Protein chains: 2
Amino acid sequence: MQRFINNPDEVVEDTVKGFVKAHSDLVRLADNPRVIVSKTAPVAGKVGVITGGGSGHEPAFIGYTGRNMLDAVAVGELFSSPTAKSFYDAMREANCGKGVVCLYGNYAGDNMNVKMAIKLAAKDGIEIATVVANDDVCSAPPDERHKRRGVAGEIFMWKAGGAKAATGASLEEVRATAQKAIDNCRSIGVGLGPCTLPAVGHPNFRIEPGTMEVGIGHHGEPGVRVEPLKTADAVAKDMCKIVLDDHDLPAGTDVAVLVSGLGATPLNELYILYDTIEQEITARGLKIHKTYIGNYFTSLEMVGATLSVMALDDELKTLIDAEAHCTIVV
Amino acid sequence: MQRFINNPDEVVEDTVKGFVKAHSDLVRLADNPRVIVSKTAPVAGKVGVITGGGSGHEPAFIGYTGRNMLDAVAVGELFSSPTAKSFYDAMREANCGKGVVCLYGNYAGDNMNVKMAIKLAAKDGIEIATVVANDDVCSAPPDERHKRRGVAGEIFMWKAGGAKAATGASLEEVRATAQKAIDNCRSIGVGLGPCTLPAVGHPNFRIEPGTMEVGIGHHGEPGVRVEPLKTADAVAKDMCKIVLDDHDLPAGTDVAVLVSGLGATPLNELYILYDTIEQEITARGLKIHKTYIGNYFTSLEMVGATLSVMALDDELKTLIDAEAHCTIVV
């Protein structure tokens, strides 16, 4: 992979510096240089909403900071959890006294560091609630949903949580809504090509040409099967079957749909996938209320795509349609 | 390149189908299946604003259709001009009787087809004005600016033209403002890796590992030099020097800056480039009014980035800040 980088060990530092400069209308850097804060945070009378995660998934996580979205984001090294201190500092930045909800993904490092951050916040009297995203269907069977990883469905959780907090809801109300959003969401990834951590210099996994990895994770975690690369039509059908079979929704249910590229897949291919995804979803009697297509949650230059489907009740429909300001259309 | 496609000859057809489904809140398909129309078009009392261009540059061109942006877009095959008929149909869809401005890029096929479309429109009594984007600095020397190609600076032209039209301005006023926008804009591309047309199956140009092509065009057109791949810092300095030397702006000038990925370059690398770009621009005494970073104008899975800088007067500053609705934050 040919790259625009300086020192491979300073990729995150350089990224954050450029990000804060580019979006100074939306965000500022905290005293902790691994914490991005919304220009509007902390908002008086509002529950703070934060997340955190490894770098290399841009625009996730930092790109979702802004009004009615995330108040603060803790930044980890590439594909690594932010430190407990960074989660804690994000909590402090987002807190206006009404408590902070931390909406993050189910990874061992994040779980551990968020737990430690909560203890630090408790000493300051900051009340923290958490929701742990586990939308990645292929990362564990249905009876072990608590073991599943969080992937692109986190964006729905942030949007719903951010919009709910903006209504002036209590900490418990915001937590419950964000939990409902992720409970209502299922995702799957398909990988066609690997990515490389710049400081490592070679891919940390392989995908043989002519094959694809169904169920791949956001860091190249193995999926449920490797199979010959099929047409977009067949791939889209597979993705829909896995996602929709796992979450059997009654006909007539409204859904939001997100098709995200993993980094190096051209946007037109996501639209090609969506043409069939739309057919599959509507064939089950589901009603597509809103669609997002683009590089919403990436993995450096991984080739591939993810599909996330969230069932909407009236509350989630209102929240997903609410106005929000960040670096990408949400 | 491993891809999500069906029939390689139907990539554009499948893309457009998926696009129109995904963004039915913003756009509709015209009777001509190669014309995307804003849901709001034609807007009574408003000059129509259209463009057109080859596919494979998504979100350009179709992704910029919407309220206060483009009223209609003619869609070409991959890297090929739309037909005269498609440009003509886009003009008809955008026209409310006040005329239509066609804001497109300087390529032989587009020039020819727009000319023919204007003749067809004239028979219907539709008045057409045109602005031909030529922001790509490296595609011809300063004394032959009329030969330069249009690249990512077109987005500034569309935003300014779309916002001006939304004020109720006349055809000539909209044309003059869009012309000013592109006259005030300079762009450069740097390529680190080629792309492949799916139906061809191999890259139509080569970039040797360890090298980069400075001044590359949006279809892999050769740049001004091939040189060893440098650090992001050095590349950003080169890009700024070429763009800013070509357009010598007095200190204190406000500018808008766009750093676009070419398809397969991860977003974090664009921020790394921007960290230095911001230093270089402000070191010249220029004031950055607004910044756009992301995959705004791509070339399939080309690895690389473009930089566009537009000088802003008071009018352009107002227009670039105006609210607009399309698939991407503009």
Side-chain angles (χ1 to χ4, degrees), chain A residues 1-6 11-12 14-19 21-25 55-56 58-59 63 190 192-193 195 207 209-210 212 229 231-233 235-236 259 263-278 288 290-295 298 300-301 303 305 327-329, chain B residues 1-6 11-12 14-19 21-25 55-56 58-59 63 190 192-193 195 207 209-210 212 229 231-233 235-236 259 263-278 288 290-295 298 300-301 303 305 327-329:
Chain A
M1 180 67 182
Q2 306 236 101
R3 297 184 183 285
F4 296 118
I5 60 169
N6 298 306
V11 163
V12 175
D14 292 349
T15 299
V16 168
K17 281 196 293 183
F19 178 83
K21 286 177 177 178
H23 302 297
S24 59
D25 54 328
S55 295
E58 290 74 18
V190 173
L192 305 190
C195 59
I207 295 176
M212 63 181 181
L229 177 57
T231 62
D233 191 52
V235 173
V259 182
T265 282
L267 182 53
N268 66 342
E269 296 181 26
L270 304 183
Y271 286 117
I272 293 173
L273 284 174
Y274 184 68
D275 182 38
T276 302
I277 288 169
E278 187 266 356
I288 299 175
K290 198 159 183 175
T291 303
Y292 302 85
I293 314 273
N295 281 338
T298 67
L300 294 169
E301 72 281 4
V303 183
T327 65
I328 187 164
V329 171
Chain B
M1 181 66 182
Q2 304 236 100
R3 298 184 183 284
F4 297 117
I5 60 169
N6 298 306
V11 164
V12 174
D14 291 349
T15 299
V16 168
K17 280 195 295 182
F19 178 83
K21 285 178 179 177
H23 302 297
S24 59
D25 53 328
S55 294
E58 290 72 17
V190 172
L192 305 191
C195 60
I207 295 177
M212 61 181 183
L229 177 57
T231 63
D233 191 51
V235 172
V259 182
T265 283
L267 182 54
N268 66 342
E269 298 182 25
L270 304 182
Y271 286 117
I272 293 173
L273 285 174
Y274 184 69
D275 183 37
T276 302
I277 288 169
E278 187 266 355
I288 299 175
K290 198 159 182 175
T291 304
Y292 303 85
I293 314 274
N295 281 338
T298 66
L300 294 169
E301 72 281 5
V303 183
T327 65
I328 186 165
V329 171

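Note that this is a predicted model, so its numbers are computed, not measured. So that the names make sense, note that chain A is the first sequence line, chain B the second, and so on, each numbered from 1.
Using a 4.5 Å cut-off between heavy atoms, N295(A) contacts chain B through its side chain alone, with no backbone atom that close. Proximity to chain B involves both the backbone and the side chain of V11(A), based on heavy atoms less than 4.5 angstrom apart. Of the atoms belonging to A236(B), not a single heavy atom falls under 4.5 Å from chain A. For chain B, the nearby part of L229(A) is the side chain; its heavy atoms alone come within less than 4.5 Å. Contact annotation for V190(B): both backbone and side-chain heavy atoms come within less than 4.5 Å of a heavy atom of chain A.
Counting only heavy atoms from C-beta outward, the side chains of N268(A) and L300(B) approach each other to under 4.5 Å. Side chains of S24(A) and E278(B) form no contact here, defined as non-hydrogen atoms less than 4.5 Å apart. Using a 4.5 Å heavy-atom cutoff, the side chains of T298(A) and P266(B) are not in contact. Looking at K21(A) and I277(B), their side chains never come closer than 4.5 Å, going by heavy atoms from C-beta outward. Side-chain contact between Q2(B) and I207(A): present, with at least one pair of heavy atoms (C-beta onward) separated by less than 4.5 Å.
Between chain B and the residues G193(A), G294(A), A305(A), the largest count of heavy-atom pairs under 4.5 Å involves A305(A). Options L273(B), V235(B), L270(B), T265(B) differ in how many heavy-atom pairs under 4.5 Å they form with chain A, and the most are formed by L273(B). If you tally non-hydrogen atom pairs under 4.5 Å between each of D14(A), L267(A), I272(A) and chain B, the highest count goes to I272(A). Contact count versus chain A (heavy atoms, under 4.5 Å) is highest, among T276(B), L192(B), V16(B), D233(B), for L192(B).
A donor-acceptor contact under 3.5 angstrom links the side chains of Y271(A) and H23(B), judged on distance only.
Heavy atoms only, all atoms of each residue included: K17(A) and D275(B) are closest at CE-OD2, 3.4 Å. Closest approach of N6(A) to T231(B), counting heavy atoms only: OD1-CB, 3.4 Å. Between I5(B) and E269(A), the shortest heavy-atom distance links the atoms CG2-CG, 4.3 Å. The two atoms that bring G18(B) and Y274(A) nearest to each other are O-CD2, 3.5 Å, heavy atoms only. When all heavy atoms of M1(A) and V303(B) are compared, the pair lying nearest together is CE-CG1, 4.1 Å.
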(message) I'd like to know whether V329(A) forms a side-chain contact (heavy atoms from CB on, under 4.5 Å) with T327(B), so could you lay out the CA-CA distance, the side-chain angles of the two residues, the decisive distance to 0.1 Å, and finally the verdict.
(response) CA-CA 7 Å; V329(A) 171; T327(B) 65; over 6 Å; no
(message) Run the side-chain contact (heavy atoms from CB on, under 4.5 Å) test on K290(B) and D25(A) for me, step by step, so that the C-alpha distance in whole Å, both residues' side-chain angles and the decisive distance to 0.1 Å come before the verdict.
(response) CA-CA 9 Å; K290(B) 198 159 182 175; D25(A) 54 328; 5.7 Å; no
